[in-house]
Amino acid sequence: MFARLNSAAPRLAVYHKVLKRPHQYSRVARTFSQKKNNVVELIEDNGNVIGSVGLFGLWGALLGYAVFLSPNQTPALDQYFLRKFLNLEDDGVSINTVFTSLFYVMGLWPLIYTSLLIPAGMRKGLPVFPFVALSYAIGAFGLLPWMALWGPSTSDDGGPPNMPPGGQDVEGFKNSITRGMESPITAWGILGGTLYCLWSAAVAGSGQWNDYLQLFSVSRFVHVTSIDFTTLCLLAPFWMENDAKLRRWEGKDTLLPILACFPVLGPALYLVLRPRSI
């Protein structure tokens, strides 16, 4: 009997090793998964850092160009344009139609970004309100520093907001901005204003467009406003996608790429189509 046990001992040892292997494989799998998650987090962190540096660099470059390098051959005319737009000058002379439409669109862009960033872009510890308020005066120059510091939060305390906002998120005075931006009236108003401005520029005629291009080459006001407009157009698709993802919009993968191709009009249409609770 002892001889049989001795002869069976090597086989039992082999069986024991085989039985231990699933546990070893499980530990290896867990270790690999943890390392993979660490690598993904590191890549995301590095990506956020690179994005932040890039946006800060863009902000500094645009600011430096606007102040030191942009054409400034008609400072008196720029002051005249500003007085006309503020209704401080009433001489019966009309400003270039294309630039007038562009200037009015620049008044719609802050409304679009307010709708996209509040509350979808909000992050604990990084208030968006001051930067959004600045955008109503200086456009992308006011938003870019906040965008450079922004990053999607995944912690329990600072996780993404409930989207679309409803209930307590839109009740009371402190949530009046969110309630206003979620209103379909606001979305349709932005779309209507956008269509009017685009139509005015489209039917202005070649003479008005030639005059605008001439102003672009000599007027700092016209030149910087046009660059500001272009910057806001280029930044919009990312924030549209961020908002659509949080709202779980069914058209995110089909309609959103198409809307993102149309400056101003695309974001305005998205605000009308996106899911809302109001």
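Throughout, numbering of the chain's residues begins at 1 and tracks the sequence.
Shown here are the side chain to side chain donor-acceptor pair (under 3.5 Å) partners of Asp211, two or more places apart in sequence or in another chain: there are none. Judged as a side chain to side chain donor-acceptor pair (under 3.5 Å), and not counting sequence neighbours, the contacts of Ser219 are Asp78. Partners of Asp253 by salt bridge (charged side-chain N to carboxylate O under 4.0 Å, His left out), not counting sequence neighbours: none found. For the salt bridge (charged side-chain N to carboxylate O under 4.0 Å, His left out) test, residues two or more places apart in sequence or in another chain that qualify with Arg247 are Glu182, Asp243. Remark: Tyr136 pairs with Thr114 by the side chain to side chain donor-acceptor pair (under 3.5 Å) rule, at least two apart or across chains.
Using a 4.5 Å heavy-atom cutoff, the side chains of Tyr270 and Leu255 are not in contact. With a 4.5 Å cut-off on side-chain heavy atoms, Val222 and Phe81 count as touching. Using a 4.5 Å cut-off on side-chain heavy atoms (C-beta onward), Val98 and Leu215 make no contact. Side-chain contact between Cys233 and Phe229 is present, with heavy atoms from C-beta onward closer than 4.5 Å. Between Leu58 and Leu144, the closest side-chain pair of non-hydrogen atoms falls below 4.5 Å. The shortest side-chain heavy-atom distance between Leu273 and Trp249 falls under the 4.5 Å cut-off. Residues Pro184 and Arg276 form a side-chain contact, since some pair of their non-hydrogen atoms from C-beta on lies under 4.5 Å apart.
Residue pairs meeting the salt bridge (Lys or Arg N to Asp or Glu O under 4.0 Å) criterion with at least one partner in residues 89-107, sequence neighbours excluded, are Arg83-Glu89, Lys84-Asp91. Applying the side chain to side chain donor-acceptor pair (under 3.5 Å) test to pairs two or more places apart or on separate chains, those with a residue in residues 63-74 are Tyr65-His223, Ser70-Arg220. The stretch residues 50-76 participates, sequence neighbours left out, in no salt bridge (Lys or Arg N to Asp or Glu O under 4.0 Å) pair at all. Judged as a side chain to side chain donor-acceptor pair (under 3.5 Å), the pairs with a partner in residues 224-241 (not counting sequence neighbours) are, in order, Tyr212-Ser226.
In the hydrophobic clustering, where aliphatic and aromatic side chains (Ile, Leu, Val, Met, Phe, Trp, Tyr) are joined below 4.5 Å either directly or transitively, Trp199 groups with Val203. Applying the under-4.5 Å side-chain rule to Ile, Leu, Val, Met, Phe, Trp and Tyr, the cluster around Val218 consists of that residue alone.
In this structure, the side chain of Thr186 engages the main chain of Gly180 through a donor-acceptor pair within 3.5 Å. Judged purely by atom type and a 3.5 angstrom limit, Ser52 uses its side chain to pair as donor or acceptor with the backbone of Ala148. The closest donor-acceptor contact from the side chain of Tyr113 to the backbone of Leu232 lies under 3.5 Å.
The line from CG of Leu235 to CE of Met147 is 5.0 Å long, rounded to the nearest 0.5 Å.
The two residues Ser101 and Ala201 come nearest to each other via the heavy atoms OG-N, 3.6 Å. Closest approach of Val272 to Ala187, counting heavy atoms only: CG2-O, 3.7 Å. Minimum interatomic distance between Ser115 and Met181 (heavy atoms only, all atoms of both residues): OG-SD, 3.2 Å.
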Under 3.5 Å, which donor-acceptor pairs link side chains of residues 102-112 to any protein atom two or more places apart or in another chain?
none

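Sparse packing is recorded around CD1 of Ile185, with 12 or fewer heavy atoms of other residues, nucleotides or ligands lying under 6.0 Å away. Environment of CZ in Phe141: crowded, with over 12 heavy atoms of neighbouring residues, nucleotides or ligands closer than 6.0 Å. No more than 12 heavy atoms of other residues, nucleotides or ligands shown are found within 6.0 angstrom of OH on Tyr196.
Ring centers of Phe99 and Phe85: under 6.0 Å apart, within the cut-off.
Note on ring orientation: taking the six-membered ring where Trp is involved, the planes of Trp59 and Phe56 are perpendicular (angle over 60°, cut-offs 30° and 60°).
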